[in-house]
Amino acid sequence: MAVVTVWRYALRAGVVLACLSGVGLTLAAPAQAAFTTELSGLPARFTAGEQVRTVSAVVSRTDRRGGCVKVRWSMVLSVQGIRLDQVKMDRVEETGDFPLDVRTEGNVARLTDRQFDPGTLCPGRTVTARYRVAFDEDVTQGRVTLAAEAYDADASLLARQTATRSVVGVRGVPTATPKPTATTPQPSEPASAPAEEDTSGVEPVGDYPADAAPPAGRPVSQSGGFGAVQAAFLLGGLLLSLGMGLLLRLRHLTRAAGDDVEDPPVDRRWERPAATDRWRPARR
């Protein structure tokens with residue numbers, strides 16, 4: 001009876017450990033990245049002068065959980081080889097210019113919305129911010145990095161995307177220079193070497209750490225590293241292994257205890273013990 005009771009308690013402990021593992025995984029699932037940001041309208045390179053480019057930042061949801069949230073945009077502008085006063089950037093909406101809070105530090109400028117975006121980010125919908133970018137005519141050559149950041153009402157970072165492009169002046173646009181033709185024994189058919197191809201146009205898109213500190217708040221989505229989901233899976237595996245080991249150990253003990261008890265032979269189960277004679281013969 002005691003062995004059966006221990007077995008029941010062990011089974012209940014295993015069920016509880018399995019439930020705790022499932023709860024840990026469920027709680028850690030919302031910590032995954034649920035938002036993505038993209039930059040569109042970027043040219044292969046910016047040309048200084050009167051040319052104005054419109055760059056769009058789009059944030060979307062990658063899951064169907066949760067309700068709608070309001071979005072506040074913050075654009076981080078970093079320059080190399082040029083000055084910040086040689087860059088013109090503003091945020092526009094359908095109604096006109098959008099008010100911004102501009103903060104600069106060295107070669108980095110942060111343009112943050114003073115109010116929430118008119119749109120609302122819901123599952124299956126997107127919120128877009130448009131920026132106009134232009135460079136002064138005296139810019140000859142440099143690089144610019146744009147980092148679009150989307151925040152919620154609690155100033156928590158939803159998603160971030162960066163892109164780097166080169167900036168060239170109107171007179172500084174490189175052109176292909178043909179090489180001199182090489183003469184051959186046949187003067188009527190001179191062979192000319194092909195012109196060098198221009199490969200300085202396309203710049204890679206990659207992550208660029210912003211020097212300016214973002215608004216207060218803890219990021220909701222982080223990429224890479226050992227996150228909460230991995231820790232939950234590890235904890236669940238350990239708890240499940242512990243429960244299975246306990247169950248197997250108790251089962252082994254139960255079998256060992258059952259083998260020690262020997263049943264009496266079948267032919268002696270109904271044998272009655274011999275009655276002792278209470279009367280003794282008298283001595284003469």
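Nothing fancy with the numbering, it's 1 onward along the sequence.
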Checklist entry - Going through the distances and angles, do Thr112 and Ser74 end up as a side chain to side chain donor-acceptor pair (under 3.5 Å)? => result CA-CA 4 Å; Thr112 307; Ser74 181; 3.0 Å; yes
Checklist entry - So Met75 and Leu146, side-chain contact (heavy atoms from CB on, under 4.5 Å) or not? Walk me through it. => result CA-CA 7 Å; Met75 178 66 73; Leu146 303 176; 4.0 Å; yes
Checklist entry - Could you walk me through whether Thr145 and Leu77 pass the side-chain contact (heavy atoms from CB on, under 4.5 Å) check? => result CA-CA 6 Å; Thr145 300; Leu77 174 67; over 6 Å; no
Checklist entry - Would Ser60 and Thr36 count as a side chain to side chain donor-acceptor pair (under 3.5 Å) if you check the C-alpha gap in whole Å, the side-chain angles of each, and the deciding distance to 0.1 Å? => result CA-CA 6 Å; Ser60 59; Thr36 57; 3.0 Å; yes
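Within the 4.5 Å cutoff, no side-chain heavy atoms of Lys88 are placed close to those of Val133. Residues Asp97 and Arg132 are in side-chain contact: their nearest non-hydrogen atoms beyond the backbone lie under 4.5 Å apart. Side-chain contact between Asp85 and Val87 is absent, with no heavy-atom pair separated by less than 4.5 Å.
In the hydrophobic clustering of this structure, Tyr151 does not group with Val58; members are Ile, Leu, Val, Met, Phe, Trp, Tyr whose side-chain heavy atoms approach within less than 4.5 Å, directly or through other members. In this structure, Val69 is not a member of the same hydrophobic cluster as Phe116, with clusters built from ILVMFWY side-chain heavy atoms closer than 4.5 Å.
Residues Leu39 and Thr162 share a closest heavy-atom pair of CD1-C, 4.1 Å. What you find for Gly67 and Pro123 is that their closest heavy atoms are O-CD, 4.1 Å. The two atoms that bring Gly169 and Ala48 nearest to each other are CA-CB, 4.0 Å, heavy atoms only. Smallest separation of non-hydrogen atoms from Val127 and Leu121: CG2-N, 3.6 Å.
Counting only residues at least two apart or in different chains, disulfide (SG to SG under 2.5 Å) contacts with residues 47-151 comprise Cys68-Cys122.
A distance of 4.0 Å separates CZ of Phe35 from CZ of Arg61, quoted to the nearest 0.5 Å. Interatomic distance, CD of Glu137 versus CD of Gln51, reported as 12.0 Å (0.5 Å rounding). Atom CG of Asn107 sits about 13.5 Å away from atom CZ of Arg143, to the nearest 0.5 Å. With rounding to the nearest 0.5 angstrom, the CZ atom of Arg160 is 10.0 Å from the OG1 atom of Thr37. Between the CZ atom in Phe46 and the CD1 atom in Ile82 there is a gap of 10.0 Å [rounded to 0.5 Å]. With values rounded to the nearest 0.5 angstrom, Phe135 atom CZ is found 8.5 Å from Met89 atom CE.
Between the side chain of Asp152 and the backbone N or O of Asp154 there is at least one donor-acceptor pair closer than 3.5 Å. Side-chain N or O atoms of Ser166 include none that pairs as donor or acceptor with a backbone N or O of Arg45 at under 3.5 Å. Between the Asp136 side chain and the Asp138 main chain, no donor and acceptor come within less than 3.5 Å of each other.
Residues Glu149 and Arg110 are paired through a salt bridge, judged by an N-O separation under 4.0 Å between the basic side chain and the carboxylate. Asp90 and Arg130 are not joined by a salt bridge, as no carboxylate oxygen comes within less than 4.0 angstrom of a charged side-chain nitrogen. Classification of Arg91 and Asp117 as a salt-bridged pair holds, one side-chain N sitting under 4.0 Å from a carboxylate O.
Residue Gln141 places its CD atom among 12 or fewer non-hydrogen atoms of other residues, nucleotides or ligands, all under 6.0 Å distant.
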Under 3.5 Å donor-acceptor pairs involving side-chain atoms of residues 242-250, not counting sequence neighbours:
none

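Partner of Phe98 under the side-chain contact (heavy atoms from CB on, under 4.5 Å) criterion, chosen from Val92, Leu111, Asp113: Asp113.
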